[in-house]
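Step one of this worksheet: look at the structure below.
Values reported hereafter were calculated over all heavy atoms of this structure, with side chains retained and with hydrogens, waters and symmetry mates removed. Numbering of ligands and ligand atoms starts at 1, following listing order. One is the number of the first residue; the rest follow in order along the sequence.
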Amino acid sequence: MARAQALKPIDPAAGTNRELELLRELEKKVLWLSTWTIHHANHIRPRADGLKVGGHQASSASVATVLTALYFSVLRPEDRVAVKPHASPAFHAIQYLLGLQSREKLERFRAWGGAQSYPSRTKDTDDVDFSTGSVGLGVAMTTFAALVQDYLHLRKGDAAPPPGRMVAIAGDAELDEGNIFEALLEGWKHDIRNVWWVIDYNRQSLDSVVSDRLFTRIDGLFTSMGWRVVTLKYGKMLEEAFSRPGGDALRRWIDDCPNTRYSALVFKGGPAWRAALERDIGDVEGIAELLRDYDDEQLHDLMTNLAGQDMEAVMEAFRAIDDDRPTCFIAYTIKGYRLPLEGHKDNHAGLMNPAQMEEFRAEMGVPEGEEWERFAGLKIEPDELQAFLDRVPFAQGRPRRLVSEVVPVPERLPAPRAERMSTQEGFGRILNEISRGNDVLADRIVTTSPDVTVSTNLGAWVNQRGIFNRREVEDVFRAERVVSAQKWSLSPRGQHIELGIAENNLFLLLAALGLSGPLFGERVLPIGTLYDPFIGRGLDALTYALYQDARFVVVGTPAGVTLAPEGGAHQSIGTPLVGMGLPGLSYFEPAYVDELAVILGWSFRHMQSPDGGSVYLRLSTRQLEQPGRELDDATCNDILNGAYWVVPPEPGAELAIVYSGAVAPEATAAHRQILEDIPGAGLLAVTSPDRLHEDWLAADRSRAAGRHASAWIERVMAPLAKDAALVTVLDGHPATLSWIGSALGRPLSALGVERFGQSGEIQELYRDHRLDEDAILDAAATALLRR
Ligand SMILES: Cc1ncc(C[n+]2csc(CCOP(=O)(O)OP(=O)(O)O)c2C)c(N)n1
Ligand SMILES: [Mg+2]
């Protein structure tokens, strides 16, 4: 690919060894600054609560070499990077050296308004590409970003700018997370390119030293998925020692040394290495001479000279790659390298004390008071260092966050008409209608689903728009003239990305698609579908996507006990609370398809608005008789605000029934029944419990701040009597709507699902879970009694 020319191997004859010297100096600075940043946060500007924070010092030291090599030489502006959570100080130190991070933010690391503990796209100001923090997710994210880059590139063809590399600096313990392997498999299926994972193989995680046997497996795993594996094990000094008499025995000794023992010796230092080597291989020819040639300090340097912390070895490995094949670098490192914490199994939470810091400062040659000076203590002249930094390829061509045009969305999406329809079916039909259009909106929508494309009603859209694939693959069933309603043809022009069943992957792909604008300069409008209960399976990845402010629509369907015969394993209960509980996600649960059309149109705008967000639609497979009405603008507005009167109450009415979603017929029937006893009772449809709730909290906050405000739920309910009783009902947890009672200070009886369900007819399940007409009438009586 185009970038190969830019990354020529280091050629000493061409004078690039000077680059190596500059990088070594900068690496020292990165190590110093990251160590000092954490020291500062703990000892110079300690927290008011006295709480000390470890977990960064040893972990950052571990990858100082790799990060220095990448950011100051190897990376290009189009590359995108996920840095392992605890290397945050090293990342910020590098941005500081590049003039992209302020001293004040570093001084306030982990404090209010300062640099974040873990690299954050939304909270940090020095252009974090991918947030990290929940281990495993940032790493896998790079795979899906590469897939999105391919999607955009293959559609554009030759007009596309050169692709970037999606790079993860991963902690070795991140490979314990299953989502890594789910992503590997999916990446293989999609034949992804331009992904680099650099695994910081320090053989340590949070609690202890990682099992030796793990990494004998890892190599094979990556290779079997089509990756190139580059192992960076021994540094140049050790390689040189191995070529001496006795060198073979020395290599074998290190190879065979268990992780725990190696780590302990790293911590203990020179004399301990000497004693161990003398005892184990002292009688091998050449070893005695070899040991004699190194004093204790030199012996320690030699025995800890792993390739992942040897600048020359690291640069050679990176520069040797000149194609787009996914590559995993296993970089052997020592956690806490060059710090007094190095190698100790407890060092993750370890912190250098002030005395150790003083010693380290002297070693680094940094004078007191010059701790934040960019070049203090370095051997190369500041002018030369600055000139080098000014030329760093990564920092050319700012800004990193790209701007893309807004996709126009019609004022109203046409609502499909039918006497009976489910919201899921309506969703499929609305998309089908869009797909027939030849407009930008149809062109920018990308759908994806983890193996439930057809069963979540994306079939018609896929028939029109095709499935994305790097190469054309014909629909074999069609070619063989096997009759099917579903076309399944694959091509680089396809607009649906089919995934395997892993829900983590769905949300990571939505995260990547939902950031395609800022990452790749082209906005897409992603829609992902899955069975509603399995949101739980991918919940951390969904949270992760939202934390980065990725913009997408997720459709959970079918939902609730309403998909009755499928049984309890497929019936979702708490997902409405997930929808309400996640920031950046607006949850809607419409009952009728005309409401859904209004909501979907708004969603396409909301996900493009600077202060907008993502949308969660909880849809049902229950076919409901459709109202066959024309919605006026005011009702559309109310639907978007979260609630509207299906039957408005008479002024001073004593009761209202409030429902959300698929239980509309039961609520309607109960309401009709009640009118006989309580004339003027209202029937309120809640289209978004989430928006309604959020608006109420906002109004309350405004009032607390002394401003005049009212919430939509208060205004819409205003016609009711002051002490009117309320019944709420939905196919989901009752807490979704029960808050309305306290919001209005009115007696309320809440119906919903609290227990796992089972197979049956809808009516049987509604009876069992008290969602039927009788239950609503009972609840109304109970609420009325409380007045
Ligand atoms: C999903 C998740 N579980 C637990 C944690 C707590 N945690 C933070 S770092 C870490 C282990 C880090 O080990 P490694 O990835 O090897 O990084 P290192 O510190 O060695 O560089 C754990 C368990 C987390 N951040 N995310
Ligand atoms: Mg580790």
Side-chain angles (χ1 to χ4, degrees), residues 30-31 34-35 38 53-67 70 81-93 110 116-120 130-142 168-183 197-215 218 232-233 259-260 262-263 266-267 306 308-309 328-339 341-351 503-504 507-508 511 536-545 547-548:
V30 170
L31 176 68
S34 58
T35 310
I38 304 149
V53 289
H56 286 95
Q57 234 159 18
S59 196
S60 287
S62 197
V63 284
T65 320
V66 160
L67 286 181
L70 284 172
V81 192
V83 176
K84 68 169 187 170
H86 285 102
S88 171
F91 167 80
H92 292 302
R110 284 186 72 119
Q116 298 298 295
S117 297
Y118 308 112
S120 165
F130 303 116
S131 299
T132 58
S134 176
V135 297
L137 295 181
V139 184
M141 174 76 179
T142 57
I169 320 302
D172 45 359
E174 299 201 66
L175 297 184
D176 287 333
E177 292 285 2
N179 84 278
I180 293 275
F181 302 96
E182 296 174 358
W197 286 2
V198 185
I199 299 173
D200 176 23
Y201 187 32
N202 59 24
R203 288 143 295 164
Q204 281 190 258
S205 56
L206 207 154
D207 284 336
S208 186
V209 176
V210 174
S211 159
D212 289 309
R213 294 167 56 232
L214 181 67
F215 261 71
I218 295 294
L232 284 146
K233 191 161 185 186
N259 286 348
T260 38
Y262 182 83
S263 297
V266 169
F267 182 72
L306 301 183
Q309 285 162 330
C328 165
F329 300 88
I330 302 177
Y332 276 69
T333 60
I334 290 165
K335 195 156 169 172
Y337 186 49
R338 287 167 290 195
L339 305 180
L341 313 164
E342 62 183 357
H344 197 289
K345 76 176 175 63
D346 302 336
N347 68 10
H348 186 86
L351 267 178
E503 285 76 14
N504 269 310
F507 289 115
L508 290 176
R537 178 72 77 102
L539 190 51
D540 196 27
L542 169 59
T543 308
Y544 173 72
Y547 180 64
Q548 303 196 72

**Message:** Taking 4.0 Å as the limit for heavy-atom contacts, which would you say applies to H86 with ligand 1: side chain only, backbone only, both, or neither?
**Reply:** side chain

**Request:** Output yes when a side-chain donor or acceptor of E174 lies under 3.5 Å from a complementary backbone atom of G171, and no otherwise.
**Result:** yes

**Request:** Determine whether the side chain, the backbone, both or neither of N202 has a heavy atom under 4.0 Å from any heavy atom of ligand 1.
**Result:** side chain

**Request:** Specify which N/O/S atom of D172 comes nearest to the Mg ion (ligand 2), by atom name.
**Result:** OD1

**Asked** Looking only at distance, does K84 have an N or O less than 3.5 Å from an N or O of ligand 1?
**Response** yes

**Asked** Does Y544 use its side chain to pair, donor to acceptor, with the backbone of S131 at less than 3.5 Å?
**Response** yes

**Any P85 heavy atom less than 4.0 Å to ligand 1** = no

**Fill in**
For E174, the ligand 1 atoms with a heavy-atom partner under 4.0 Å come out as 15 (O)

**Item:** Under 4.0 Å to a heavy atom of S59 - the qualifying atoms of ligand 1, by number
**Value:** 18 (P), 19 (O), 21 (O)

**Prompt:** So, do F91 and H86 have ring centers that fall under 6.0 Å from each other?
**Reply:** no

**Prompt:** Any sub-3.5 Å donor-acceptor pair from S120's side-chain atoms to Q116's backbone N or O?
**Reply:** no

**Request:** Look only at the side chain of R203 and the backbone of Y262, and say whether a donor-acceptor pair between them is shorter than 3.5 Å.
**Result:** no

**Prompt:** Which of these, N179, D172, D176, has its nearest heavy atom closest to atom 16 (O) of ligand 1?
**Reply:** D172

**Message:** Which of the numbered atoms in ligand 1 are under 4.0 angstrom from any heavy atom belonging to S134?
**Reply:** 1 (C), 26 (N)

**contact_flag G133 ligand 1 heavy-atom lt 4.0 Å** = yes

**Request:** Quick one: pull up OG in S62 and NZ in K335 and give me the separation to the nearest 0.5 Å.
**Result:** 7.0 Å

**Request:** Could you confirm whether N202 has any N/O/S atom lying under 2.8 Å from the Mg ion (ligand 2)?
**Result:** yes

**Request:** Flag E177 as yes when one of its N or O atoms lies below 3.5 Å from any N or O atom of ligand 1, and as no otherwise.
**Result:** no

**Item:** Expected output: side-chain S34 to main-chain L31 donor-acceptor under 3.5 Å
**Value:** yes

**Message:** Could you check whether any side-chain heavy atom of H344 comes within less than 4.5 Å of a side-chain heavy atom of S263, counting everything from C-beta outward?
**Reply:** no

**Request:** Working to the nearest 0.5 Å, report the span between CG of L339 and CD1 of I334.
**Result:** 11.0 Å

**Message:** Does any N or O of ligand 1 fall below 3.5 Å from an N or O anywhere on K335, backbone included?
**Reply:** yes

